[in-house]
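Let me begin by presenting the structure, written as structure tokens, before commenting on it.
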Amino acid sequence: MIVRTRFAPSPTGFLHIGGARTALFSWAFAKKHGGTFILRIEDTDVARSTPEAVQAILDGMKWLGLDYDDGPFYQMQRMVRYKQVLQTMLEAGSAYYCYSSKEELDALREQQMANKQKPRYDGKWRPEVGKTLPEVPKDISPVIRFKNPIDGVVAWDDLVKGCIEIANAELDDLIIARADGTPTYNFCVVVDDSDMGITQVIRGDDHVNNTPRQINMLKALAEIDSKIIVPQYAHLSMILGNDGQKLSKRHGAVSVMQYDDDGYLPDAVINYLARLGWSHGDEEVFSKQQFAEWFDLDHITPSAAQFNTEKLNWLNNHYIKTTDLGLLAKDITRRLANRGVTVTTQVNIKDAIALYRDRANTLNELAQSIAYFYSKPQLDEAAKEKHITTDILPVLNGLATQLADITWTAEALHAAVEHSVTSNALKFPKVAMPLRVMLTGGAQSPSIDAVMAILGKDEVLARIHAVLS
Ligand code: GLU
């Protein structure tokens, strides 16, 4: 059987981390089996769906590199098809018109609640052999209900959660088309999954309750058309925040594009999501392609996964360290421009990045840490007071004179600082620290000769003299 999976977001908000993981797992399952991954936009909730949210989903998928083989399909563009299937089901007797008024249903519900019964439709308009239906009222536009089996159970072997079984008696005759003729959510999903030949439905476990209803409808459709299959289902557990609570905005429930803004690389986010509730031995660091080769539904943890920002940062640092410098340079140039810092050719940005990338958890940190190469730093007052003491000024003056005449290489610069240290009988930091504050603005940086080598002679001397004069 050719594998066909889908990601079916409702465009009522951005693509968040949970949705992205669902998309990634569906993508990977299709890739692993040489199948097809479909994107379907479930936009029938017109009041809550927006074009901006559709765009945000498409942008998020693109940023993550989750390419789909088919789609995007939009449910709103498939109305004719849904109505056609409704008609077929009415004709086959697996769906029926229900004329119960809202008042009638409200009264029924109240009565059932008063009797401590579970509120449910009483089957008034459900056709049965030998049953005479009430006379059709003239003033009521009917809804269409699915004729759910009354007896037996609906069961499926969930590929994540194991066997799940629900008694049909628990399920109502679901409304599948409203009085205005528009099809309802579960019905559209069923028609789409069957039309699109979906073989595995991989989705969040907030949909577990929908699955028995959807399976029953698919079975009813399969009776009409034997080519229709009931897919396998894999329900992914939810993702909890760092604090073990429901994912909140502070703890990851933000758009995946926020991760871009915050300085995360898509490869790091993908790698992180892949490990969120799935494992392959002790492997922690792997590419999207590697993930697609390894991915299986057997190694998904049925319990909730917990978001861990530290781990994401660790992975992001790994990818920052290993990503091509040219790509990083482009990204960091953009981030610096957003901060009003223009990258010029005087300082080779790749060298600056190479010097700092080991210590950056995010691209924003990296941009921040190399900004001083391109704009004069604001000197940290405490560091200035501590390190740029009056006794050291003559030494720095002497060093500056010496620097003016040397060949500008890290080795020669190191030798010059070393010479200034020894000839004045000082310890290395006594000279290196004030220099660091003058050049970088703060007391922390990689080796000072490497910083000077990248910053260039003119700028180094200008910054030293700006403080000395
Ligand atoms: N549209 C649903 C959602 O965004 C997903 C439906 C499904 O995967 O079956 O939650």
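We count ligands from 1, going down the list as the structure has it; atoms in each ligand are counted the same way.
Between the side chains of Q75 and D43, no donor N or O sits under 3.5 Å from an acceptor N or O. Remark: the Q112 side chain and the R109 side chain contain no N/O donor-acceptor pair separated by less than 3.5 Å. With 3.5 Å as the limit, one finds a donor-acceptor pair spanning the side chains of T211 and H235. Looking only at atom types and distance, the side chain of Y96 has a donor-acceptor partner in the side chain of D173 under 3.5 Å away.
The aromatic rings of F295 and W278 lie tilted to each other, with the angle between the two planes from 30° to 60°.
Between F286 and W294, the distance from one ring center to the other falls under 6.0 angstrom.
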Which atom pairs, nitrogen or oxygen on both sides, join ligand 1 and the protein at under 3.5 angstrom?
residue: ligand 1; atom: 1 (N); partner: A8; partner atom: O; Å: 2.7
residue: ligand 1; atom: 1 (N); partner: S10; partner atom: OG; Å: 2.8
residue: ligand 1; atom: 1 (N); partner: E42; partner atom: OE1; Å: 2.6
residue: ligand 1; atom: 4 (O); partner: S10; partner atom: N; Å: 3.1
residue: ligand 1; atom: 4 (O); partner: S10; partner atom: OG; Å: 3.3
residue: ligand 1; atom: 8 (O); partner: R6; partner atom: NH1; Å: 2.7
residue: ligand 1; atom: 9 (O); partner: R6; partner atom: NH1; Å: 3.4
residue: ligand 1; atom: 9 (O); partner: R6; partner atom: NH2; Å: 2.7
residue: ligand 1; atom: 9 (O); partner: R203; partner atom: NH1; Å: 2.8
residue: ligand 1; atom: 10 (O); partner: H207; partner atom: NE2; Å: 2.9

